[in-house]
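Proteins get letters first, then strands, A, B, ... in listed order; numbering begins at 1 in each. Because only heavy atoms are used, hydrogens play no part in the values below, and waters and symmetry mates are left out as well, while side chains stay in.
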2 protein chains.
Amino acid sequence: MSPAPFAHLPCPVAHALDVLGERWSLLILRDALTGVRRFADFERSLGIAKNILSARLKSLVENGVLERRPSKSDAREVEYRLTDKGRDLVTVVVALAQWGARWESPAGTAPRFFNRHTGAQLALLQLRDVDGALLRLSDIGYEAPSAAASAAA
Amino acid sequence: MSPAPFAHLPCPVAHALDVLGERWSLLILRDALTGVRRFADFERSLGIAKNILSARLKSLVENGVLERRPSKSDAREVEYRLTDKGRDLVTVVVALAQWGARWESPAGTAPRFFNRHTGAQLALLQLRDVDGALLRLSDIGYEAPSAAASAAA
DNA sequence: CAGTATCCCTCAAGATACTG
DNA sequence: CAGTATCTTGAGGGATACTG
């Protein structure tokens with residue numbers, strides 16, 4: 001996200017991308033969400049260079065998505081664990097995974113998230129109204145900040 | 001996505017990011033999902049340089065996410081419209097928006113998606129089992145391709 | 001309006017060597 | 001194991017001028 005951060009754009013997607021927009025960030029997050037915690041494991045799992053991994057982990061820690069701390073079992077080891085903020089990204093990662101599996105991965109080759117108690121697949125993420133009704137894209141509007149906060153006041 | 005594409009990684013998130021991982025792609029998608037169709041409108045809305053916008057639109061068209069075609073109302077104008085594949089990204093964009101609004105945007109300043117018939121907010125995207133039960137992160141497993149396809153066969 | 005054509009610059013990313 | 005230190009590269013991105 002070097003040249004010009006998106007922070008000035010009045011858009012939560014932009015703000016999210018200022019934290020996650022770099023090439024490796026969401027993949028690191030995917031690993032973290034599936035239980036990876038150690039530097040060397042991220043490295044192996046992703047095939048990422050050490051310096052890049054180091055930089056990305058640092059930025060994710062700075063942004064409060066991961067927490068860095070010594071392992072409980074062995075104080076010499078370091079663990080990167082998800083914060084609540086990081087854990088909350090599971091919908092983003094799963095949404096990407098579901099889209100990727102459907103449209104970009106050769107059928108049957110993609111790993112999948114599943115319910116570890118039953119083995120069942122996750123339901124597709126879908127847009128719903130607060131009352132639970134399914135929404136189509138055409139039902140959805142996007143409310144500018146001025147129209148929302150300002151006009152409401 | 002220059003140096004080394006993620007295509008070789010056995011991960012649908014990686015494959016999705018090969019299409020969407022560049023800085024502007026998801027923001028362009030957000031615009032497209034909220035009805036933006038013309039080059040100049042993307043340009044104004046995002047404050048993106050023309051050459052970059054041109055390149056991103058081209059790549060999104062190549063990847064089947066957008067479709068480029070003359071406007072129906074004025075054949076001299078060009079429109080970029082979402083394909084089904086592109087429309088299917090709404091969950092990704094909304095997931096990012098919800099996360100960004102919650103964790104990165106100053107309270108109340110972020111635009112929001114809403115039900116345009118009722119004005120109600122969208123429900124938070126949440127992970128559910130096929131039967132509709134809410135799932136927590138700890139309930140979720142991630143199944144490697146070998147363990148899935150190979151072992152199943 | 002919807003782009004192309006240039007030029008420039010920075011930084012993400014890669015490779016490798018080294019350290020506590 | 002978990003990084004830091006360097007060096008290099010090449011693409012992504014920005015600005016501006018120009019065109020059908």
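With F42(A) as the aromatic partner, R56(A) does not meet the cation-pi criteria of under 6.0 angstrom to the ring centre and within 45 degrees of the ring axis.
Contact between the side-chain N/O atoms of R23(B) and the OP1/OP2 oxygens of dG14(D) is found at a separation under 4.0 Å. Contact annotation: Y80(A) side-chain N/O to dC1(D) OP1/OP2 distance is not under 4.0 Å.
Look at CD on E79(B): it is 12 Å from P on dG3(C), rounded to the nearest Å. One can place CD of E22(A) at 17 Å from P of dT10(C), the figure rounded to the nearest angstrom. In this structure, D18(A) atom CG and dA12(C) atom P are separated by 12 Å, rounded to whole Å. Atom CH2 of W24(A) is separated from atom P of dG12(D) by 15 Å (rounded to the nearest Å).
In summary, of the residues considered (T83(A), L82(A), D88(A)), a side-chain contact (heavy atoms from CB on, under 4.5 Å) with K85(A) occurs for T83(A) alone.
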Dot-bracket pairing map - DNA chain D, Watson-Crick plus G-U, both contacts under 3.5 Å, | cross-strand: ||||||||||||||||||||
Between R30(A) and Y142(B), is the side chain to side chain donor-acceptor pair (under 3.5 Å) condition met? List the steps. CA-CA 10 Å; R30(A) 188 222 49 155; Y142(B) 186 70; 3.1 Å; yes
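Near DNA chain C, meaning a heavy atom under 4.0 Å from it, residues 28-53 of chain B has R38(B), F39(B), A40(B), K50(B), N51(B) in order of number. Sorted by residue number, the members of residues 54-73 of chain A with any non-hydrogen atom under 4.0 Å from DNA chain D read S54(A), K58(A), R68(A).
In this structure a side-chain-to-backbone donor-acceptor pair under 3.5 Å is missing from H15(B) to G100(A).
A donor and an acceptor atom, one from each side chain of D129(A) and N115(B), are located under 3.5 Å apart.
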